[in-house]
Amino acid sequence: MAVTQASGVKHGFGVDVGGSGIKGGIVDLDAGQLVGDRFKVLTPHPATPQSVASGVREVVDHFGWTGPVGITLPAVIAAGVCRTAANIDPAWIGTEVYPLFAAELGDRDLAVLNDADAAGIAEDAHGAGHGRNGVTMLLTLGTGIGSAIIQNGVLLPNTELGHLEVDGKEAEHRASSKVKEDKDWSYQRWAKEVSLVLETYEKLFWPDLFIVGGGISRKADKWIPMLTNRVPVVPAELRNNAGLVGAAMAVDTGLRP
Ligand code: BGC
């Protein structure tokens, strides 16, 4: 399903829809890396399904890309339907995502999946989880908390652990990076909440490794050493591109949660 270049390198295309930007780029599927620069348009407000789909088309058209496209959304995508909208426009709930994007992008292979799930498969295959066996849990710490659970390369989609109640409060209302910002907490204060959330996940899922992504993972040395949970925590390696890369991988492998 990928587009093989004259050089033999397989290229794919990923688009990552976030609260502030819709980012896309061509992905080298063998290396799990972006080819050249990515391109971003601002997420429209309100970010209704139709306006976001137009933004995705703009990003794809910018590259003149006509092959398969993988798309992430910050929501549960199950059997082709968007089921939640914690940090996006509520109009997404109940939307059939494949007809929506096909109307903009035409007849081509598409995969639409949760943003953290996409980041998880990319990090597991090409980033911080590469070469590790067992259960890996990727968490994106941003406006919300996204989660992905992967065992030996296989994703359990839509885990939504940011909404798990931890000591009476949703995990993402305790330990997202937005909470740190809103409350103007020090890394030390925030690390206490992150530790509590990780300890809860550990007790329930017994992962072998946590990979943490999101903008705040760039400053991982400031807070990972302060964590008091048991399981090793490492920063994501593909950084901002994990979602794009994972989206392109999903459409290439036919993953359509
Ligand atoms: C959403 C998830 C998403 C995460 C990160 C949460 O609020 O429920 O679907 O993966 O934010 O964007």
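All ligand and atom numbering here is 1-based and tracks the order in the structure. Predicted, not measured: the structure shown is a model, and the values here were computed from it.
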| message | Check this for me: does any side-chain nitrogen of one of D28 and K10 sit under 4.0 Å from a carboxylate oxygen of the other? | response | no
Proximal atoms of ligand 1 relative to [X] (non-hydrogen, under 4.0 Å):
| X | answer |
| --- | --- |
| H163 | 1 (C), 6 (C), 7 (O), 8 (O) |
| G146 | 4 (C), 5 (C), 10 (O) |
| N114 | 2 (C), 3 (C), 9 (O), 10 (O) |
| A86 | 7 (O), 8 (O) |

| Is it true that the NZ or CZ of K219 lies under 6.0 Å from the centre of Y187's six-membered ring and within 45 degrees of the ring axis? | no
| field | Lys/Arg cation over aromatic Y98: R256, 6.0 Å, 45° cone | value | yes
| query | Quick one: are E123 and E237 in side-chain contact, heavy atoms under 4.5 Å? | reply | yes
| message | Looking at non-hydrogen atoms alone, which of V76, I77, D115, T72 comes nearest to atom 10 (O) of ligand 1? | response | D115
| task | Between E160, E170, R83, E172, flag the one that comes closest to atom 8 (O) of ligand 1 by a heavy atom. | result | E160
| Given T72, which of D117, D115, D16 fulfils the side-chain hydrogen bond (donor to acceptor under 3.5 Å, both in side chains) condition? | D16
| task | With heavy atoms under 4.0 Å as the rule, classify the contact between I145 and ligand 1 as side chain, backbone, both or neither. | result | backbone
| request: Measure A75 to ligand 1 on non-hydrogen atoms and call it side chain, backbone, both or neither using the 4.0 Å cut-off. | output: backbone
| request: Using the rule that two of Ile, Leu, Val, Met, Phe, Trp, Tyr join whenever any of their side-chain heavy atoms come within less than 4.5 Å, decide whether L105 and F39 are in one cluster. | output: yes
| field | Test item, N87 contacting ligand 1 (heavy atom, 4.0 angstrom) | value | yes
| remark: Residues S195 and M226: closest non-hydrogen pair is OG-O, 4.4 Å
